[in-house]
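Quick note: numbers below take in every heavy atom, side chains included, and nothing from hydrogens, waters or symmetry partners.
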Amino acid sequence: MDAAIEVTDLHKTYRGRRVGEVRAVDGVSFRVEAGEFFGILGPNGAGKTTTLEIVEGLRRPDGGEVRLLGRSPWPHSPELSQRMGVQLQASSFFEFLTVREQIETFAELYGAGRDRAAEMLDQVGLSEKAGTRCEKLSGGQQQRLSIACALVGDPELVFLDEPTAALDPQARRNLWDLMRSINGEGRTVVLTTHYMEEAEALCDRVAIMDSGRILAVDSPAELIRGLDAPTRVTVAAGQLSEARVKELAEGGTATSDDEAVVFETRDPRTLLTALAADGALEGLAVRTANLEDVFLHVTGREWRE
Amino acid sequence: MSVEAPVREAAPVRRSRAFGSLVRALGISWVRDRSQVFFNLILPGMFLVLLASVYGSGETPTPHVLEVGDAPVLEQAEPGAFELDGAADLDAALEALEEGDADAAVVQDGDEVTVYYSQTNATNGTIALERLSGLVDDVNVAVLSEAAPDAPVLRLETDAAEDRSLEPVQYLAPGILAWGIAISGVFGAAGTLVDWKRDKLLRRLRLTPASAGTFVAARITVSLLVALLQTALFLAVAVAMGLELSAWTWFAVPLVLLGTAAFLAIGVVIGGIAKTGPGAAGLSNMVTMPMAFISGAFFPLAAAPQWVQWLSVVSPMRYLNDGLQAVIVRGESPVSVLPEVGVLALFAAAVAVFAWKTFKFDEL
Ligand SMILES: Nc1ncnc2c1ncn2[C@@H]1O[C@H](COP(=O)(O)OP(=O)(O)OP(=O)(O)O)[C@@H](O)[C@H]1O
Ligand SMILES: [Mg+2]
C-alpha cells in the first residue's frame with residue numbers, strides 16, 4: 001500500500017516573549033496508509049493541532065520532513081490542496097452567510113458545482129438548515145457544516161481536528177457514523193481527539209501523543225493486548241462463600257468488601273462459566289483494559305480530562 | 001479495515017471563478033453587516049449635513065442695529081442694509097447688545113456718530129460696524145463732493161471675500177468625503193484582519209486550491225467597490241445640499257480608488273498590531289482623527305495655524321482632499337492634480353511594502 005502521509009522527526013517550538021519556549025512537537029514520526037482511518041489521541045496541549053497544521057502545510061516545522069501524497073505540503077500547491085479536505089479545530093466561516101451560501105462558496109473554491117454542495121449538505125444532514133445563518137447553528141451543526149466544507153472538494157485525504165469536542169453523546173455518535181461513511185468511501189481520514197472511546201470506535205490505528213511526543217502507535221486492539229492487563233469481573237457480595245472466592249481467584253486476585261467481590265483474571269471465560277454455574281451473576285460487571293489503561297501505561301500517569 | 005483509495009482526477013482550478021465567488025461571499029457579508037453599511041455609507045453624509053448647518057448657509061446676515069434717540073445718518077442707509085429698531089436710551093441699547101438681541105447701537109450727537117458693536121455676536125457686530133463706517137464715509141463723500149465738485153475723492157468698494165471662494169458645502173464636501181474614504185479603508189482593513197485572526201478563516205482559505213493572492217485581491221476589490229458606492233451616495237447628498245459638480249468630477253474615481261489603497265495599507269499595519277476588534281478600532285481612531293484635523297477635512301486648511309499646515313504634508317488625507325476639491329469643486333483638470341495622484345500612489349506603495357514586510361502571517 002502507498003503511504004498517504006509520511007512524517008519524519010518533526011520538531012516545532014513556539015517562542016513567546018512572556019511564555020518562554022513551548023516544545024509543542026518534539027520528534028514526531030508516523031505514517032498513514034492510503035484509505036486508513038488514523039487517529040491522534042492525546043490530552044489538551046499534547047501538540048495534536050500543531051502536528052496536524054504542519055502536516056497540512058499551514059505551519060513550517062523547525063525540523064523534520066512531511067510527505068503528503070508523495071510531495072511536500074510546503075509551499076502551498078493548488079494541486080495538493082485540491083486532493084485534501086480540512087476541518088480546523090475552530091470552525092471558520094464567512095460571516096453573515098447562510099449555510100447554503102457558505103458551502104457553495106467553498107464548492108466554487110474547489111471547482112465543484114452547486115449540486116455537489118447540496119449533496120454534501122444532505123450527507124451531513126443540514127439540508128433543512130440551508131437558509132439559516134451560520135452563526136445561528138448549534139455547535140454540532142457548525143461542526144457538521146465544517147466537515148461538509150472539508151468534503152465538498154471530493155478529497156482523497158481528510159483532516160479532522162477534534163470534530164466531536166463539546167458535543168453531546170447523541171450528536172457525537174451521529175458524527176461517528178458520518179466519519180465512518182467518509183472513510184468507507186475510500187478516503188484516508190486523520191482524526192485528532194481526546195476521547196478514548198472515539199479513537200477506539202473509529203480508528204484503524206491510533207497514535208498516543210503527550211507533551212509533543214508520540215508514545216505508541218498501533219491499532220486500539222493491539223495497544224490494549226500489548227498491555228497484557230487482566231480482566232476485572234465484579235459481582236455483588238453475599239453470593240459466594242469465602243472459600244469459593246479463594247478457589248475462583250486461582251491464577252488471579254480477588255478483593256471483596258460489603259458491596260462487591262472483584263476478580264482480576266487472565267482467563268475470564270473460565271471464571272464467568274464458573275460464576276454462571278454457581279448462579280452468582282447478580283451485579284455482574286466485566287471490564288477489560290482500554291486505551292485509558294494504555295495511556296496510563298505509556299505515560300506513567302492518569303488520563304487527565 | 002483499510003480500503004485502497006480510488007484514483008481521482010484532480011479538477012482544474014478555475015481562478016477567475018474562485019475570485020468571483022470570494023468577492024461575492026465577502027460582499028454579501030459586508031452588506032448584511034448593518035453597522036458597516038451605516039459606518040461607510042450613512043455616516044459621511046450625516047456629517048456633511050450636520051457640519052454644513054453648523055457653518056451656516058454662507059449668506060451674510062443683516063445686522064440688527066438700534067438707533068438710540070435720533071441718528072439722522074441712518075436715514076441715508078441703503079434699504080435692507082440694516083434691520084433698524086429704536087431704543088429708549090443708551091443703557092437699554094447696551095443691555096440689548098450684551099444679551100445678543102442686537103448687533104450694534106448708534107448714537108448721533110451733532111457731527112459725532114458713536115457706534116457700539118456687539119462682542120457677544122462678534123461676526124454680526126463686525127459686519128454692522130463695517131457697514132456703519134461705510135455709511136458714514138458715503139455721507140462724508142457726498143457732503144464734500146457737493147462743497148468742492150472738482151476735488152477728487154477716493155471711494156472704497158467692499159465685497160465679502162467668501163462669495164469668491166467657497167460656500168461651506170463646497171469646501172466641506174471633498175474634505176468629509178476624503179475622511180469617509182479614510183475611515184472605510186483604515187477601519188475596514190484593520191477590522192478584517194483582526195476578524196481573520198480570530199475566526200481563522202484565512203487559515204481555512206489558505207488550504208483551498210485558490211491562492212492566497214486571490215483572497216487578498218478579492219478583499220481589496222470589495223473595499224474598492226464600497227468606496228465607489230460611498231462616493232456616489234455622498235456626492236448625491238452633497239448635490240442635494242447645493243454642491244455644484246464640475247465637469248471633471250469623474251476624475252474623483254481614480255482619486256478615491258488610489259486613496260482607498262493608501263488607507264487600506266494603513267489599516268493592514270494596524271490590523272497587524274491589534275489583537276482585538278476594539279483594539280483595532282481604537283488604533284484606527286488614533287490615526288484617522290488627528291489626520292482629519294490636520295488635513296482640512298472639516299474646515300479650510302488655510303484657516304488652521306501654520307504648524308498644522310506643515311504637518312498636513314505627511315497626511316495622505318490632505319492630498320486626497322486637495323485632489324477631490326480641485327476636480328469636483330474647482331473644476332480643475334486631472335493634469336493639475338497629478339502631484340496629488342503621485343503622492344497618494346507613492347504613499348500607498350510605501351505603506352503597502354511596510355505592511356507586507358512586518359505582517360506576521362503566522363497569526364492568521
Ligand atoms: N500559536 C501558538 N503560540 C504559542 N504557543 C502555542 C501556539 N499554539 C499552541 N501553542 C502551545 O503548544 C502546545 C501544543 O498545542 P496544540 O494546540 O498543538 O495542542 P493540542 O494537542 O491540539 O491541544 P487541544 O486538545 O487543547 O486542542 C500547547 O502547550 C500550546 O500552549
Ligand atoms: Mg488542538
**Asked** Using 4.0 Å as the upper bound for N to carboxylate O, is an ion pair formed by Glu56(A) and Arg204(B)?
**Response** no
**Message:** Using 0.5 Å steps for rounding, measure from the CD atom of Gln102(A) to the OG atom of Ser29(B).
**Reply:** 8.5 Å
**Message:** The test is side-chain contact (heavy atoms from CB on, under 4.5 Å); show your working for Leu205(B) and Phe106(A) and say whether it passes.
**Reply:** CA-CA 9 Å; Leu205(B) 292 178; Phe106(A) 273 96; 4.3 Å; yes
**Positions in residues 86-99 of chain A that reach chain B, provided some heavy atom is under 4.5 Å away** = Val86(A), Leu88(A), Ser91(A), Ser92(A), Phe93(A), Phe94(A), Glu95(A), Phe96(A), Leu97(A), Thr98(A)
**Message:** To the nearest 0.5 Å, what is the distance between CG on Leu109(A) and CZ on Phe215(B)?
**Reply:** 6.5 Å
**Message:** Taking Arg203(B) first and then Glu53(A), would you say they form a salt bridge - that is, a charged N and a carboxylate O separated by under 4.0 Å?
**Reply:** yes
**Message:** Quick check for you: to the nearest 0.5 Å, what is the distance between Leu207(B) atom CG and Leu58(A) atom CG?
**Reply:** 4.0 Å
**Message:** Using a 6.0 Å cut-off, check whether atom CZ of Phe298(B) has over 12 heavy atoms from anything other than its own residue.
**Reply:** yes
**Prompt:** Around Arg133(A), counting heavy atoms of other residues, nucleotides and ligands shown, do more than 12 lie under 6.0 Å from its CZ?
**Reply:** yes
**Item:** For Pro316(B), all residues meeting side-chain contact (heavy atoms from CB on, under 4.5 Å), sequence neighbours excluded
**Value:** Phe263(B), Ile266(B), Met291(B), Leu344(B), Phe347(B)
**Message:** My understanding is that only residues two or more places apart in sequence, or in another chain, count here; which of them pass salt bridge (Lys or Arg N to Asp or Glu O under 4.0 Å) with Lys197(B)?
**Reply:** Glu363(B)
**Prompt:** Considering residues at least two apart in sequence or located in another chain, which fulfil the side-chain contact (heavy atoms from CB on, under 4.5 Å) criterion with Leu228(B)?
**Reply:** Val253(B), Val256(B), Leu257(B)
**Complete:** Nearest heavy-atom approach of Pro78(A) to Pro209(B) is CB-O, 3.3 Å
**Message:** Does Arg24(B), at its CZ atom, have more than 12 non-hydrogen atoms belonging to other residues, nucleotides or ligands within less than 6.0 Å?
**Reply:** yes
